[in-house]
Amino acid sequence: MSFSERVYRLCRAIPEGKVTTYKILAEKLGVRAYRAVGNALNRNPYAPEVPCHRVVGGDGSLVGFAHGLVKKRALLRKEGIRFRGFRIIELDKVLYRF
DNA sequence: TATTTGACCAAGA
DNA sequence: ATCTTGGCCAAAT
């Protein structure tokens, strides 16, 4: 089971309308490879089965998305998440901590 | 085998 | 609040 596969497995557990952060995912995997988590998601081969759009930066800002941040924000908005620019409002209320 | 590349993050200025 | 810097580590090159 590779590192990337473990990342994908965790991602599947994020419920609709909630988000998590790269850091939380990494910590859940017992590592500090925050960046490696992002890397794995970037090359996510299981989209959209794995909801990688529900992973954001530690401060609630959208950091990246294979198909563009605008697309990512649109998806999250559809799930009820609100934004100010590319930053989530009230992050603590929609943050999924497992 | 070695180097480079990020969808990161914490701390300092 | 915003910007820069240094450290992080799996994967791709």
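Only this structure's heavy atoms are used, side chains among them; waters, hydrogens and symmetry mates stay out. Protein chains get the first letters and strands the later ones, always in sequence-line order, with residue 1 at the start of each.
For Arg43(A), the side chain to side chain donor-acceptor pair (under 3.5 Å) test picks out Asn39(A), with sequence neighbours left out. Applying the side chain to side chain contact (heavy atoms under 4.5 Å, CB included) criterion to Val50(A), with sequence neighbours excluded, gives Tyr8(A), Cys11(A), Arg12(A), Asn44(A), Tyr46(A). Among residues two or more places apart in sequence or in another chain, the side chain to side chain donor-acceptor pair (under 3.5 Å) test is passed with Glu49(A) by none. Legend: residues meeting ring-ring contact (aromatic ring centres under 6.0 Å, His included) with Phe3(A), ordered by chain and number and at least two apart, are absent. Every side chain to side chain donor-acceptor pair (under 3.5 Å) that Arg54(A) has, sequence neighbours left out, goes to Glu79(A). Applying the salt bridge (Lys or Arg N to Asp or Glu O under 4.0 Å) test to Arg9(A) and every residue at least two apart in sequence or in another chain returns nothing.
Side chains of Lys72(A) and His67(A) form no contact here, defined as non-hydrogen atoms less than 4.5 Å apart. Contact annotation: the side chain of Leu62(A) approaches that of Leu76(A) to within less than 4.5 Å [non-hydrogen atoms, C-beta and beyond]. Counting only heavy atoms from C-beta outward, the side chains of Leu95(A) and Lys18(A) never approach each other to under 4.5 Å. A 4.5 Å side-chain heavy-atom check between Val7(A) and Leu29(A) finds at least one atom pair inside the cut-off. Side-chain contact between Val55(A) and Leu25(A): present, with at least one pair of heavy atoms (C-beta onward) separated by less than 4.5 Å.
Contacts between residues 23-35 of chain A and DNA chain B, counted as heavy-atom distances below 4.0 Å, involve Lys23(A), Tyr34(A), Arg35(A). Proximity of residues 87-98 of chain A to DNA chain C (heavy atom under 4.0 angstrom from any strand atom) is not detected for any residue.
Within the nucleic acid shown, Tyr22(A) comes within 4.0 Å of at least one base atom, counting heavy atoms only.
In terms of modelled atom types and a separation under 3.5 Å, the side chain of Thr20(A) and the main chain of Tyr96(A) share a donor-acceptor contact. Judged purely by atom type and a 3.5 angstrom limit, Lys23(A) has no side-chain atom pairing as donor or acceptor with the backbone of Tyr34(A).
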What side-chain donor-acceptor pairs closer than 3.5 Å can you find for residues 81-91 of chain A, not counting sequence neighbours?
{"unit_1": "Arg87(A)", "atom_1": "NE", "unit_2": "Asp59(A)", "atom_2": "O", "d": "2.9"}
{"unit_1": "Arg87(A)", "atom_1": "NH2", "unit_2": "Asp59(A)", "atom_2": "O", "d": "3.4"}

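Minimum heavy-atom separation, Cys52(A) to Phe65(A): SG-CE1, 4.2 Å.
Here the range on DNA chain B touched by chain A, meaning any atom under 4.0 Å from one of its heavy atoms, is dG6(B) to dA10(B). Using a 4.0 Å cutoff to heavy atoms of chain A, the contacted part of DNA chain C runs 5' to 3' from dG7(C) to dA12(C).
Paired runs in DNA chain B that reach 3 or more consecutive Watson-Crick or G-U pairs, where each pair keeps both distances under 3.5 Å, cover B:2-6 with C:9-13, B:8-13 with C:2-7.
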